[in-house]
Amino acid sequence: MARFRTWVGIAVAGALGLTLAACSSTGGKRAEDARAGAAAQGRAAVNTPRWTFAMITHAGDGDTFWDIVRNGAEQAAVKDNIRFLYSHDDEAQQQAQLVDAAVDKKVDGIIVTLAKPDAMKASLARARAAGIPVVTVNSGSAESKEFGALTHIGQDESIAGEAVGEELNTRGRTKALCVLHEQGNVGHEQRCDGVAGTFDGTLVRLHVNGTSMPDVQSAIEARLQSDPAVDAVVTLGAPYADTAVQAREGAGSDAEVDTFDLNAKVAAGLRDGSLGFAVDQQPHLQGYEAVDLLWLYRYNADVLGGGRPVLTGPQIVTGKDAAALEAYTKRGTR
C-alpha cells in the first residue's frame with residue numbers, strides 16, 4: 001500500500017491478536033447476512049466462560065460507519081467466545097436508557113460511545129456501581145477516565161482536526177468550510193477546532209441537518225454559491241462526502257472536498273479524484289479492540305493505555321492509497 005501519513009498511533013492489534021476473518025457489510029439485509037455467516041463459520045479460540053458484552057453507540061439509522069465498528073466487535077466476540085449485544089440511538093437520552101438496560105441485564109462488560117457525554121454520566125455511574133467494566137470507544141476520550149472507564153479506544157479528535165488543517169495548508173487552500181452534521185456532538189466540534197488551530201487560511205463552520213441528505217446538499221450548495229472564495233469543503237463523516245461533491249457540482253464550484261472517515265464510496269472518490277483526501281480512524285479496529293480489551297480484563301485483569309486513550313488514528317489517505325483501500329472497504333473492514 002502506498003505510504004500513509006500517520007500522525008498518531010498506538011499499535012495494539014498485533015500484540016492481542018489472531019488473524020481477522022474477512023466479512024462484508026454495506027448495511028441492511030446484506031450486513032445482517034454477512035454477520036450471520038461470520039457467526040456460523042467462526043469458532044471461539046478460547047475456552048473462557050461465555051461472557052456477555054453490550055455495545056451501545058450513538059449511531060443513527062443507516063450510518064455505514066457503525067457497520068464497520070460493529071463488524072470488528074463481532075469478529076472479536078466470536079474469537080473470544082463472547083455473547084455480543086448491539087444497540088444504538090442517536091438521541092442521547094435514549095442511548096443512556098440503553099446503557100441502563102444493559103446494566104439491568106447484568107452484562108459482563110459494556111462498550112459505549114460518549115458523543116454527548118453529559119447525558120451518559122449517570123448511566124455509567126450505575127454501571128460502575130454494579131461492578132461492570134466499561135470501555136469507551138470512538139467519542140468521549142476526554143471524559144472516559146472521569147466516568148470510570150477502563151480505557152478509551154479511538155482517535156483524538158483535536159489531533160485529527162490538526163492533521164486536516166496541516167494537509168489543507170500543504171494543498172494551498174485558503175478558505176475552508178467545516179460541515180457539522182450533528183448538533184451537540186463534542187467530537188465534531190473538536191474536529192473543527194483542530195482544523196482551525198493549524199489551518200493558515202479562514203475556516204467557516206456550517207451547521208446542517210444531518211438526518212436529511214437533501215437538506216445537507218442544499219445548505220452546502222447555497223454556501224458555495226454565496227461565497228466563491230471557499231476552496232475546500234471538509235465533511236465530518238464519510239456518508240456526507242458524496243453529498244458535498246454533488247453540492248459542489250450544483251454550485252459550479254471548484255472547491256476540493258475532503259472528509260473524515262472512510263467507506264467504499266470515499267475510496268472510490270479518492271481514486272477518481274472527486275475527493276482530495278480522507279482521515280481514517282480505523283473503525284473496525286475500534287470495535288475489535290474494545291471487545292478484546294474487555295475480554296482481556298475479564299480473563300487476566302489486563303488494561304492497556306496507561307490511563308491514556310489507545311489511538312487508532314488519524315491517518316491521512318489520498319488517491320495513492322485508494323486501490324488497496326477499496327478492497328478493504330468492500331469487505332466492510334475499513
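By convention here, the first residue in the shown sequence is residue 1.
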*Asks:* Evaluate whether atom CG of N300 has more than 12 neighbouring non-hydrogen atoms of other residues, nucleotides or ligands under 6.0 angstrom away.
*Replies:*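 More than 12 within 6.0 Å, yes.
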*Asks:* Any non-hydrogen side-chain atom of Y299 less than 4.5 Å from a side-chain atom of W51?
*Replies:*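 Yes, at least one pair of side-chain atoms sits under 4.5 Å.
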*Asks:* Under 3.5 Å, which donor-acceptor pairs link side chains of residues 240-247 to any protein atom two or more places apart or in another chain?
*Replies:*
from, atom 1, to, atom 2, distance (Å)
Y240, OH, G210, O, 2.9
D242, OD2, Q246, NE2, 2.9

*Asks:* Which other residues end up in the same hydrophobic cluster as V186, if Ile, Leu, Val, Met, Phe, Trp and Tyr are linked when side-chain heavy atoms come under 4.5 Å apart?
*Replies:* none
*Asks:* Only one of Q286, Q155, E289, H284 passes side-chain hydrogen bond (donor to acceptor under 3.5 Å, both in side chains) with T312; say which it is.
*Replies:*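 Of the listed options, the one satisfying the test is Q286.
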*Asks:* Identify every side-chain donor-acceptor pair in residues 261-269 under 3.5 Å, counting partners at least two apart or on other chains, and give the distances.
*Replies:*
from, atom 1, to, atom 2, distance (Å)
D261, OD1, Q281, NE2, 2.7
N263, OD1, K265, N, 3.1
N263, OD1, V266, N, 2.8

*Asks:* Would you name the heavy atoms of V179 and V233 that are closest together and state the gap between them?
*Replies:* CG2-CG1, 3.9 Å
*Asks:* Considering only NZ, NE, NH1 and NH2 on the basic side and carboxylate oxygens on the acidic side, decide whether R298 and D80 come within less than 4.0 Å.
*Replies:*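 D80 and R298: not salt-bridged.
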*Asks:* Going by heavy atoms in the side chains, are L85 and F53 under 4.5 Å from each other?
*Replies:* no
*Asks:* Is there a side-chain contact between D258 and V164 in this structure, where contact means two heavy atoms from C-beta onward sitting under 4.5 Å apart?
*Replies:* no
*Asks:* Would a distance-only check, ignoring hydrogens and angles, find a side-chain to backbone donor-acceptor pair under 3.5 Å from T113 to A115?
*Replies:* no
*Asks:* Out of curiosity, S218 OG to Q225 CD, how far, rounded to the nearest 0.5 Å?
*Replies:*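 Result: 10.0 Å between the selected atoms.
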*Asks:* Can you tell whether the side chains of K175 and D227 come within less than 4.0 Å, N to carboxylate O?
*Replies:*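 Judged by the 4.0 Å cut-off on N to carboxylate O distance, K175 and D227 do form a salt bridge.
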*Asks:* Just checking R171: does its CZ atom have more than 12 heavy atoms from other residues, nucleotides or ligands closer to it than 6.0 angstrom?
*Replies:*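 Result for CZ/R171: enclosed.
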*Asks:* Would you check if P239 and D63 make a side-chain contact, meaning some heavy-atom pair closer than 4.5 Å?
*Replies:* yes
*Asks:* Quick one: do E221 and R248 make a salt bridge, cutoff under 4.0 Å?
*Replies:* no
*Asks:* For H152 and T136, does a side-chain donor sit closer than 3.5 Å to a side-chain acceptor?
*Replies:* yes
*Asks:* So, for H58 and H88, is the gap between ring centers shorter than 6.0 Å?
*Replies:* no
*Asks:* Between L296 and I111, is there shared hydrophobic-cluster membership here, with clusters defined by ILVMFWY side-chain heavy atoms closer than 4.5 Å?
*Replies:* yes
*Asks:* Is F277 close to V257 at the side-chain level, that is, under 4.5 Å between some pair of heavy atoms?
*Replies:*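 The answer is no; the side chains never approach within 4.5 Å.
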*Asks:* Tell me whether E162 contacts the main-chain N or O of A196 through its side chain, where contact means a donor paired with an acceptor under 3.5 Å.
*Replies:*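 Such a contact is absent between E162 side chain and A196 backbone.
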*Asks:* Taking all atoms of both residues into account, what is the closest heavy-atom pair of Y288 and A76, and its distance?
*Replies:* O-CB, 3.5 Å
*Asks:* Counting distance only, does the side-chain N/O of D231 pair as donor-acceptor with the main-chain N or O of A176 below 3.5 Å?
*Replies:*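 Flag not set: sc D231 to bb A176 has no pair under 3.5 Å.
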*Asks:* I'd like to know if R334 pairs up with E326 as an ion pair, taking the criterion as any Lys NZ or Arg NE/NH1/NH2 lying under 4.0 Å from an Asp or Glu carboxylate oxygen.
*Replies:* no
*Asks:* Write down the atom of G187, the atom of E157, and the distance for their closest heavy-atom approach.
*Replies:* O-CB, 3.7 Å
*Asks:* Do you know the tightest heavy-atom contact between A127 and V134?
*Replies:*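 It is CB-CG2, 4.0 Å.
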*Asks:* Between R126 and D104, does at least one N-O distance fall below 4.0 Å, as a salt bridge requires?
*Replies:* yes
*Asks:* Would you mind checking if D200 and R173 are paired as a salt bridge, meaning a charged N to carboxylate O distance below 4.0 Å?
*Replies:* no
*Asks:* For Q94, look at atom CD and say whether over 12 heavy atoms of other residues, nucleotides or ligands are found less than 6.0 Å away.
*Replies:*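 More than 12 within 6.0 Å, yes.
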*Asks:* Looking only at side-chain N and O atoms, does S123 offer a donor or acceptor that is under 3.5 Å from a partner on D100?
*Replies:*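 On atom types as modelled, these side chains qualify, holding a pair under 3.5 Å.
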*Asks:* Please assess K116 against D90 for the test salt bridge (Lys or Arg N to Asp or Glu O under 4.0 Å), listing each intermediate value before the final yes or no.
*Replies:* CA-CA 10 Å; K116 299 172 184 176; D90 57 1; over 6 Å; no
*Asks:* Ignoring hydrogens and angles, state whether a donor on the side chain of T333 or Q75 is under 3.5 Å from an acceptor on the partner side chain.
*Replies:* no
*Asks:* Under a 4.5 Å cut-off applied to non-hydrogen side-chain atoms, are V230 and V204 in contact?
*Replies:* no
*Asks:* Would you confirm whether D108, through its side chain, and T52, through its main-chain N or O, come within 3.5 Å as a donor-acceptor pair?
*Replies:* yes
